[in-house]
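Scroll down for the structure; my scribbles are underneath it.
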2 protein chains.
Amino acid sequence: MKRPTIADIALRAGVSKGAVSYALNGQPGVSEATRERIIAIAREIGFNPNSAARALSGAKAAAVGLTLSRPARILSVEPFFMGLISGFEAELASRSYALTLQLVDSPEQEVEVYRRWWGERRVDGVFVSDLRDGDVRIPVLQELQLPAVVIGGPGETGSITQVWSDDAGAVAEAVRYLSALGHRRIARVSGMAELLHTRARGQAFDEVCRTLGFESAVTVAADYTGEEGGRATRQLLMSASRPTAVIYDNDVMAVAGLSVAQEMGLRVPADLSIVAWDDSPLCRLVHPPLTALSRDIADYGAQAARQLLDAIAEKPVDDIEAAPARLTPRGSTAPPPG
Amino acid sequence: MKRPTIADIALRAGVSKGAVSYALNGQPGVSEATRERIIAIAREIGFNPNSAARALSGAKAAAVGLTLSRPARILSVEPFFMGLISGFEAELASRSYALTLQLVDSPEQEVEVYRRWWGERRVDGVFVSDLRDGDVRIPVLQELQLPAVVIGGPGETGSITQVWSDDAGAVAEAVRYLSALGHRRIARVSGMAELLHTRARGQAFDEVCRTLGFESAVTVAADYTGEEGGRATRQLLMSASRPTAVIYDNDVMAVAGLSVAQEMGLRVPADLSIVAWDDSPLCRLVHPPLTALSRDIADYGAQAARQLLDAIAEKPVDDIEAAPARLTPRGSTAPPPG
DNA sequence: CATGATCACTTTACCGGTTAAGCCACTCCG
DNA sequence: CGGAGTGGCTTAACCGGTAAAGTGATCATG
């Protein structure tokens, strides 16, 4: 039989469509015997409820959306998002929710996608990542009343809940560790300056370095790509007061930085210490393996997914603070030379 | 107004629902004046057709699916799939098709997802990647008559079209290049042996090496992860007749291999040449930058998407041979020592 | 023994689109 | 001037579910 409907089941079981619906949804209104018979028939003919029909009669679309507005060349090598997605899936799949993905070019386009998705009732909620200062997406989401969860923060998201981890604390941990090793000139290669978490990390970095009375604490802005990370590193290493340690905002840039250092004849970690943010397998793949700020990104994604599903179900939701990134020392950090 | 429907538009325009539908879909049956008025109202109140309602009344779901059955730890660092996805999106977005993504654990689970998606009419077609020998997914897709496109091949896919590139030719190009440099002992670190394209590359590799009369041409099976790539490399470099060049089945393993070689005190490319398959930014991120077999993965994905959309529209479709991977020499290849 | 409650269903309306069929006012033509 | 054809709509059925309201039989209760 070709794509059976509840009408087919009803016919076979000799009952009405309504009875089938009650039976399959575990609702009262049918006897246990009938329910079992109907479920058996459904299984036998391989019935799956038509999601469109279900969504149409008031129910949910059983899908959530994720838009990514970073260029493909960044996404392809950036392990963060796939980790996040695998975390989403762990939660979504168990509740038969689908994940709809769309790559876009800008936050403005993201807004357009949200409007369309919601208007079409294609999704019940969305994940929002890469929060910016005065993000254009937030007011639109509120206007649409589209359930959403912001990944990363904390930021000004009004009524929209966030899942965030304590970046400031993690920065402090890394800087204190380098300080304990004896470093006094530390630099930081950041991601896109317009992203809120970049700013939060930057402020924390400046503050801790000031507190510790460092000689210098420069931040060079990059964009998460290896090219930019390499360029920023080259710039730092050529400066008069060369830093003895560099903290990178993601592991791709850290790997690129390692490569630049080696290319310039510096030994890592003897001449230069390197700390990566986010600890994908990439960090263990290079030589020396990179000291990194590790966090369980998949778990982060899973928490966000639970949060979003709760928001969709109109359960009360609060911001979640996920476990902070923890420093995982490896071979790329050591006391400074001299 | 909250999520307007065509009934709202009909009310405002003083016409029937049917007229609105005709007007918005460019069908005959309404005057130009009325059509314009209706379109203006639709735009004004921000109307988006409910995708569920549309899908329900015989039309398409306007979504396609992609399942990935590789472990998250591979997916997160493997740049191939994000590249592919960005290629899909380029085609899909322009036709307002959504991409539904699901990560699974095995081809058997993929089959389950296909059944469910198709039963629920959630997707109009699917992308199939990582084809295996006697793949369990193919007969199911044919049984379901679910439109599909196989990424990679060629394999036995019956009536399902494929988009593939000439891996055998690419292998030959890489081997001939190394041969021209003077190498006589070449090894290969492969991806999962059960994948069809791994086998195709392996056969081509063996054949070309035999033709060129190489002293040795070993293949060590790995799984696309850095760990395994590193382990395979270590194994190769410890063997009695150490190869002077290694070809890797993806760039992640190549990067790991480079790292292992350096860790073992070998200079790349002076003591060991390295060639990567697929040329993500990763290859230019390490030092020395890796010689790679480059192809335009996004374009590959775009072709597959066009193919799938044609199959969904029941247009005649043929297998597509995409541009083969081309050798991009960089700093990781040189004549062998001695 | 009439009344009410409960059970196990069936009937029906509805979600928001698409589309075949029907209808009315005009025009055109022999 | 009657009849056919056509343009521009309206009406109504349908897609496949969900859920409120209705029905008839059984059973308990005062």
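Just the heavy atoms: all of them, side chains too, but no hydrogens, waters or symmetry mates, feed the values below. Computed from a prediction, not measured in an experiment: that's the story for all the values here.
- Comparing B:A53 and A:G29 against DNA chain C, the residue whose closest nucleotide sits nearer the 5' end is A:G29.
- Atom C1' of nucleotide C:dG16 and atom CD1 of B:I9 are separated by 11 Å, given to the nearest angstrom.
- Going from atom CZ of A:R122 over to atom C1' of C:dG16 covers 15 Å, rounded to whole Å.
- The side chain of A:L56 has C:dG16 as its nearest neighbour among D:dG17, C:dG17, C:dG16.
- Atom NZ of B:K17 and atom P of C:dC15 are 9 Å apart (whole Å).
- A straight line from CZ of B:R121 to C1' of D:dG16 spans 8 Å, rounded to a whole angstrom.
- Among the heavy atoms of the strands lying under 4.0 Å from B:S21 is at least one base atom, whether or not backbone atoms are also near.
- Spacing between atom CG of B:L11 and atom P of C:dG17 amounts to 14 Å, rounded to whole angstrom units.
- Residue B:Q27 places at least one side-chain N or O under 4.0 Å from the OP1 or OP2 atom of C:dT19.
- Side-chain polar atoms of B:Q142 and B:S159 form a donor-acceptor pair below 3.5 angstrom.
- Counting non-hydrogen atoms under 4.0 angstrom, A:T34 reaches the backbone sugars and phosphates but no base.
- With C:dT10, D:dG17, D:dT10 as the choices, the nucleotide that has an atom nearest any side-chain atom of B:Y22 turns out to be D:dT10.
- Side-chain proximity of B:S16 to the nucleotides D:dG17, C:dT18, D:dT10 is greatest for D:dT10.
- Of the N and O atoms on the side chains of A:T100 and A:R122, not one donor lies less than 3.5 Å from an acceptor on the other residue.
- Remark: C1' of D:dC15 and NZ of B:K60 are 15 Å apart, rounded to the nearest angstrom.
- Between A:E120 and B:R54, none of the side-chain N atoms (NZ, or NE/NH1/NH2) sits under 4.0 Å from a carboxylate O, so this pair counts as no salt bridge.
- Of the candidate nucleotides C:dG16, D:dT18, D:dC9, D:dC9 has the atom lying nearest to any side-chain atom of B:S31.
- B:V15 comes within contact range of the sugar-phosphate backbone alone, with a heavy-atom separation under 4.0 Å but no base atom that close.
- Rounded to a whole Å, the CD1 atom of B:I6 is 16 Å from the P atom of C:dC14.
- Of all nucleotides listed (C:dG17, C:dG16, D:dT18), D:dT18 comes nearest to the side chain of A:N25.
- Remark: A:R137 fails to qualify as a cation-pi partner of A:Y114 under the 6.0 Å distance and 45° angle criteria applied to the six-membered ring.
- Geometric assessment of A:R35 against the ring of A:Y22 yields a negative cation-pi assignment under the 6.0 Å and 45° thresholds.
- The side chain of A:S57 has D:dG17 as its nearest neighbour among C:dT10, C:dT18, D:dG17.
- Per the geometry, CZ belonging to A:R35 stands 13 Å off P belonging to C:dC7, to the nearest Å.
- At the phosphate of D:dT18, OP1 or OP2 sits under 4.0 Å from a side-chain N or O atom of A:R54.
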